[in-house]
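Since the model is a prediction, treat every value here as computed from it, not as a measurement. As the structure lists them, so they are numbered: ligands from 1, and atoms in each ligand from 1.
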Amino acid sequence: MKSINPALNEFVQDHKEISSEEVYQIIEDVQKEWKQWKNKTIEGRANLLREVAVQLRADKEKLAKIISIEMGKVLSESYAEVEKSAWVCEYYADNTKSMLKDEFIETDAFKSFVSFEPLGIILGVMPWNFPFWQVFRFAAPALMTGNATLLKHASNVQGCAKWICNTFHTAGLPRNIFRNLSISSAKVEEVIKHPHIKAISLTGSEAAGKSVAALAGKYLKKTVLELGGCDPFIVLKDADIKAAAATAVKARFMNNGQSCIAAKRFIVEKDVLDEFVQEAYAIVKTLKTGCPLDEGIDLGPLAREDLRQEIDRQVKDSIKMGAKLICGGKNIDREGFFYEATILTAVTKGMPVADEESFGPVMPILEAKDAEEAILLANDSSFGLGASLWTQNMKKAETLARTIESGAVFINEMTKSDPRMPFGGIKNSGYGRELSHYGPKEFVNIKSIWIA
Ligand code: NAP
């Protein structure tokens, strides 16, 4: 496994894959440590998680740079990612106790209640696009509930994986309660089938989700799947078009267009379509592309060359099928995996940029004749992660929000994740929820206790 700086197409570091024997040894060590960890008080675990947050902030400069060098995110976004990772540690340190308190239920028993108990070792299979945030979003609640965690990170961000592990250990967490497994996806089955592994949380593509869920089925392990999206960004004719366009550009181009909850289909009512396109184009043409470590850069490279080829294929095939190119549409002629900020109009169902997840700086715009058609188009997708809806009529907004098939709807705001709100998808975007009080309950034994 190799780290390649995508801004320069330059080799950074090799990461040796560990052997099966080493994997089994780590699992045994973690299982042993878990037996102590689960009996630690929640306050004891919370204090350690708070230390992790302190450590993240202390090392923010260094960690942000590692993120940007390994996957190409602009530095300001890497800082924000490290900060958000610290926030989720503090959030669960402060709130897990109340989330997991016994739930008393009136029955005909003398006393009946539900207790929430840890399961054991949870494996996190994580993606490269938010290489810190995704891991902390999985690990902080899992650890606070008394589980132990193993990380199998994406092959191209093994440097981040090592630094995350280092952060936990420097903060004082027992070494074997969070361990990194430096393995490729081919070795994931060996981990899943191990009897000490009780559940898997996977964040990644639909293909990886199907494969891991099939393995989990084979070995009867619980899964949570956070998969891809093709999120609609719906602009109705009574929206504040200027504000909608400004947020649309942010929602599409942040993280170089490589976010699961990025707006990926812009569905705009006919009457305001031209105005929306003009406003969006005016902002897109000011986006500054360059080395992610430089000041004032808005767009960095894509994380890998194959990802750039894939987005280019989606754009070219959509144009062949009738999409109109407003700007962009090709690689940038410089070292690294840069792609031009692209706007496509006249996009219709059946085109790759409308049907597939486009993971790059490409803004496909679809026309809807009215609000009803906009919702039909939004729901006509195999994905169902997030959605953003723009209108100034709040009553209509709430009614329409309930009809959108997705795990979240944001009104007059871009879709985002927030530790206080549940996060996850429906349809091919996966199942299960992370964050809020729903997240920790995915990986606990919800035990009924009945006293006659
Ligand atoms: P990916 O290729 O699916 O990889 C994700 C993780 O799964 C990596 O650790 C990868 O390891 C592993 N993996 C891939 N195929 C596997 C298999 N057959 N068996 C076991 N493990 C396997 O996804 P990515 O390119 O890293 O990330 C982008 C995708 O993640 C996008 O679709 C994006 O929308 C989605 N995503 C979803 C969310 C969400 O919360 N819903 C958040 C972020 C990203 P290797 O790298 O070693 O193959």
Task: Short side-chain donor-acceptor distance under 3.5 Å, S358 and Q314 - done: no
Task: Ring centres under 6.0 angstrom apart (F233, W390) - done: yes
Open item on the list: Would K416 and F410 count as a cation-pi pair here, with the cationic atom under 6.0 angstrom from the ring centre and within 45° of the axis?
Closed with: no
Open item on the list: Can you confirm if the NZ or CZ of K73 lies within 45° of the ring axis of F130 and under 6.0 Å from the centre of its six-membered ring?
Closed with: yes
Open item on the list: For a quick check: using heavy atoms under 4.0 Å, what are the residues in contact with ligand 1, sorted by chain and number?
Closed with: V125, M126, P127, W128, N129, Q134, R137, K152, H153, A154, S155, S185, V188, T203, G204, S205, A208, S211, V212, E226, L227, G228, C260, E357, F359, L385, F423
TODO: Kindly write out the residues that satisfy ring-ring contact (aromatic ring centres under 6.0 Å, His included) with F337, not counting sequence neighbours, or none if the list is empty.
DONE: none
Open item on the list: Any donor-acceptor pair under 3.5 Å linking the side-chain atoms of Q25 with those of E21?
Closed with: no
